[in-house]
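Order of the sequence lines sets the chain letters (A, B, ...), proteins ahead of strands, with each chain counted from 1.
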2 protein chains.
Amino acid sequence: MAATVLIVEDEPAILELIAVNLEHAGYETLRAKSAEEAGRLLADILPDLVLLDWMLPGQSGLALARRLRGDARTREMPLIFLTARADEPDKIAGLEAGADDYITKPFSTKELVARIRAVLRRKKPQHGDAPVEISGLRLDPAAHGVTGNGQALSFGPTEFRLLHYLMTHPNRVHSRTQLLDEVWGDHVFIEERTVDVHIRRLRQALAPSGHDALIDTVRGSGYALRAEAAAMSRG
Amino acid sequence: MAATVLIVEDEPAILELIAVNLEHAGYETLRAKSAEEAGRLLADILPDLVLLDWMLPGQSGLALARRLRGDARTREMPLIFLTARADEPDKIAGLEAGADDYITKPFSTKELVARIRAVLRRKKPQHGDAPVEISGLRLDPAAHGVTGNGQALSFGPTEFRLLHYLMTHPNRVHSRTQLLDEVWGDHVFIEERTVDVHIRRLRQALAPSGHDALIDTVRGSGYALRAEAAAMSRG
DNA sequence: GCCGGAGGTTACGGTTTCGTTACAGCCGGA
DNA sequence: TCCGGCTGTAACGAAACCGTAACCTCCGGC
């Protein structure tokens, strides 16, 4: 039940300092030294909160924030900026980008923990990391693991997110457009047929345990993951 | 059903380019070459979304945006800015004026369509159709599934729409013309006998659970789906 | 019983949609 | 730097689906 915090900070000493303090306060931590590394992490794992340094080598923290807010998966994710610059313009830009709070260095670890607590309290209860199970197929977002009737299955990042979305919205037809919005993110420009290919890859990855049969093609509409309970809902 | 987009753009070539692309993507378009013209149009028609150029002769796009947000009638209308200026200050001013998104020229038509789609989707609190049930026959539009007394039945797209329509309008005779309008769409030209064939296919798909008997042929008039409660109501 | 009309049924060409494969680009790790 | 995994796109073939025509069956009126 411990909340997971992703810390994005290029200075190793500060990164370590923050991480140790947060862990001491009872949080689990993920670490990234650049926006790019954070992006890769976020492709697989959705932390409960992101602590984001403003100045980063390569892509800036602000740019990453914008990317997070442009993606349906991460739009609601709590975000706190961490920066040495106290200038007013930066602050405005940061909040415009959808940050929930803004902490200027130097800061006390007490203040840091207090603000994280406040932001987490303000945000809705997280549901993104609860394990899902349907028809013997079990997906655990936190562990990034899937088992089919006990047998371990492996997926690429996109396949994993696609399966996760389908499993959390079963017995419902999703158009290709919908899936692109929900799984890839609102602001991507991808051919609809690409969804077909990923469905195929997902089915292939599910095949070893036979769970590929769970994914129905609804001709002319899209795809649906069928949980057996719904087919016989009437008694 | 197609969403209507009002395009406000003073450059004729660009206006045309955008309009053609949106129409190709399935949207209906309205065109205005100035903020004033757009204002007159909006007095009569409320489009589903406004695509607004920043720089316009006469009244600026920003001014029009502010006016739209000040009017109760148009306050909730989705609005996307379209501009050649990528400067940060402009962007902030645009978003403060209540724009839902902001696209800088040059842009790809793919991106344009994707963003329009995203904004429209975000604004609409998607109202999923409710399941219908008649005499043990249950149809769930969201799941695109049908069960007859617990047994799963499968249909092609047209059969499904036809059954859906009949189930939501039971105990009523529908002429073939009516069915073509309601199920196929107003503007299609299709032989009336085609309806017969689809009724036949629908009955066949319903046969496994015996629900094919629900569809009555009314000689000389059309077809009707009979809900049992009504069977005794008429003599 | 005969007849005409309406609906039932079947078969078929054409089109759309989907599954599948192949491929090139990107990125990170060795 | 090469290599191997992952991704998005294009292309091709198969299957599903559709609309139409043709033929058959049923029905009522005479």
Side-chain angles (χ1 to χ4, degrees), chain A residues 32-44 57-59 67 71 73 144 153-163 173-177 179-181 183-185 187-207 212-224, chain B residues 26 108 110-111 114 144 153-163 173-181 183-185 187-207 212-225:
Chain A
K33 287 199 172 56
S34 69
E36 290 80 3
E37 191 182 343
R40 284 195 298 280
L41 261 167
L42 287 168
D44 292 340
Q59 193 181 40
R67 229 176 60 203
D71 187 332
R73 282 179 58 243
H144 196 269
L153 301 171
S154 101
F155 301 85
T158 304
E159 292 153 31
F160 187 85
R161 289 201 310 273
L162 180 57
L163 178 60
V173 179
H174 309 277
S175 69
R176 291 167 176 76
T177 303
L179 290 174
L180 283 175
D181 284 350
V183 178
W184 276 258
H187 282 188
V188 297
F189 322 114
I190 294 179
E191 294 294 321
E192 293 202 344
R193 283 310 298 287
T194 298
V195 175
D196 297 30
V197 178
H198 279 273
I199 287 283
R200 142 105 170 123
R201 288 169 179 158
L202 178 54
R203 279 174 170 153
Q204 197 164 298
L206 284 168
D212 55 324
L214 285 184
I215 300 178
D216 276 359
T217 301
V218 181
R219 196 158 256 267
S221 298
Y223 297 94
Chain B
S108 74
K110 242 188 206 173
E111 175 180 1
H144 204 273
L153 302 171
S154 100
F155 302 84
T158 305
E159 293 152 34
F160 188 85
R161 287 200 310 274
L162 179 57
L163 178 61
V173 180
H174 308 277
S175 71
R176 291 168 176 76
T177 305
Q178 244 174 323
L179 289 173
L180 282 175
D181 283 351
V183 178
W184 275 258
H187 41 62
V188 294
F189 176 68
I190 294 179
E191 292 296 322
E192 293 203 345
R193 285 309 301 284
T194 297
V195 175
D196 297 29
V197 177
H198 278 275
I199 286 284
R200 140 97 172 133
R201 288 170 179 156
L202 178 54
R203 280 174 170 153
Q204 194 165 294
L206 285 168
D212 55 323
L214 286 184
I215 300 178
D216 278 357
T217 301
V218 182
R219 202 177 176 81
S221 299
Y223 298 93
L225 188 141

*Got a second to check how far B:His198's NE2 is from B:Thr158's OG1, nearest 0.5 Å?*
5.0 Å
*asked:* Taking the minimum atom-to-atom distance to the side chain of B:Ile190, which one of D:dT9, D:dT20, C:dG19 wins?
replied: D:dT20
*asked:* Nearest 0.5 angstrom please: A:Arg200 CZ to A:Asp212 CG, how far?
replied: 10.5 Å
*Below 3.5 Å, does any donor atom in the side chain of A:Arg203 face an acceptor in the base of C:dG19, or the other way round?*
no
*Would you mind reading off the distance between B:Gln204 atom CD and C:dA11 atom P, rounded to a whole angstrom?*
11 Å
*Would you mind classifying the nucleic acid contact of A:Phe155 as base, sugar-phosphate or nothing, using non-hydrogen atoms under 4.0 angstrom?*
nothing
_Nucleotide of C:dT9, D:dT7, C:dT20 approaching B:Arg193 most closely (side-chain heavy atoms)_ = C:dT9
Report, one pair per line, the protein and nucleotides 22-30 of chain C atoms (nitrogen or oxygen only) whose separation is under 3.5 Å.
residue: C:dG28; atom: OP1; partner: A:Arg40; partner atom: NH1; Å: 2.2

*NE2 of A:His144 versus P of D:dC6: gap in Å, rounded?*
10 Å
_By the definition side-chain contact (heavy atoms from CB on, under 4.5 Å), identify the one residue from B:Thr177, B:Val173, B:Leu179 that meets it with B:Ser175._
B:Thr177
*asked:* Contact between A:Arg193 and A:Val197 at the side-chain level, heavy atoms closer than 4.5 Å - yes or no?
replied: no
*Could you state the interatomic distance from CD (B:Glu159) to CD1 (B:Ile199), rounded to the nearest 0.5 Å?*
10.5 Å
*asked:* Would you say that B:Leu206 contacts B:Ile215 through its side chain, given a criterion of any heavy-atom pair below 4.5 Å between the two side chains?
replied: yes
_Any B:Tyr223 side-chain N or O less than 4.0 Å from OP1/OP2 of C:dA6_ = no
*asked:* Classify B:Phe160 by what it touches in the nucleic acid, base, sugar-phosphate, or nothing, heavy-atom distance under 4.0 Å.
replied: nothing
*Contact class for A:Thr217 (heavy atom, under 4.0 Å): base, sugar-phosphate, or nothing?*
sugar-phosphate
*Quickly work out the A:Leu162 CG to D:dT7 P distance and round it to whole Å.*
11 Å
_Interatomic distance, A:Asp196 CG vs D:dG13 P [rounded to whole Å]_ = 18 Å
_Rounding to an integer number of Å, can you tell me how far B:His198 NE2 sits from C:dG7 P?_
17 Å
*Is A:Arg219 near enough to D:dA15 that one of its side-chain N or O atoms lies under 4.0 angstrom from OP1 or OP2?*
no
*Integer-rounded Å distance: C:dC18 P and A:Ile215 CD1*: 15 Å
*asked:* Is any side-chain heavy atom of B:Asp196 closer than 4.5 Å to one of B:Arg176?
replied: yes
*Distance check: side-chain N/O of A:Arg176 vs OP1/OP2 of C:dT17, anything under 4.0 Å?*
no
*Specify the separation, in whole Å, of atom CD1 of B:Ile199 and atom P of D:dC18.*
13 Å
*Once you round it to whole Å, what is the distance between C1' of D:dC12 and CZ of A:Arg200?*
14 Å
*asked:* Measuring to OP1 and OP2 of D:dC18, would you say a side-chain N or O of B:Trp184 lies under 4.0 angstrom away?
replied: no
*Using a 4.5 Å cut-off on heavy atoms from C-beta on, say whether the side chain of A:Thr217 contacts that of A:Arg203.*
yes
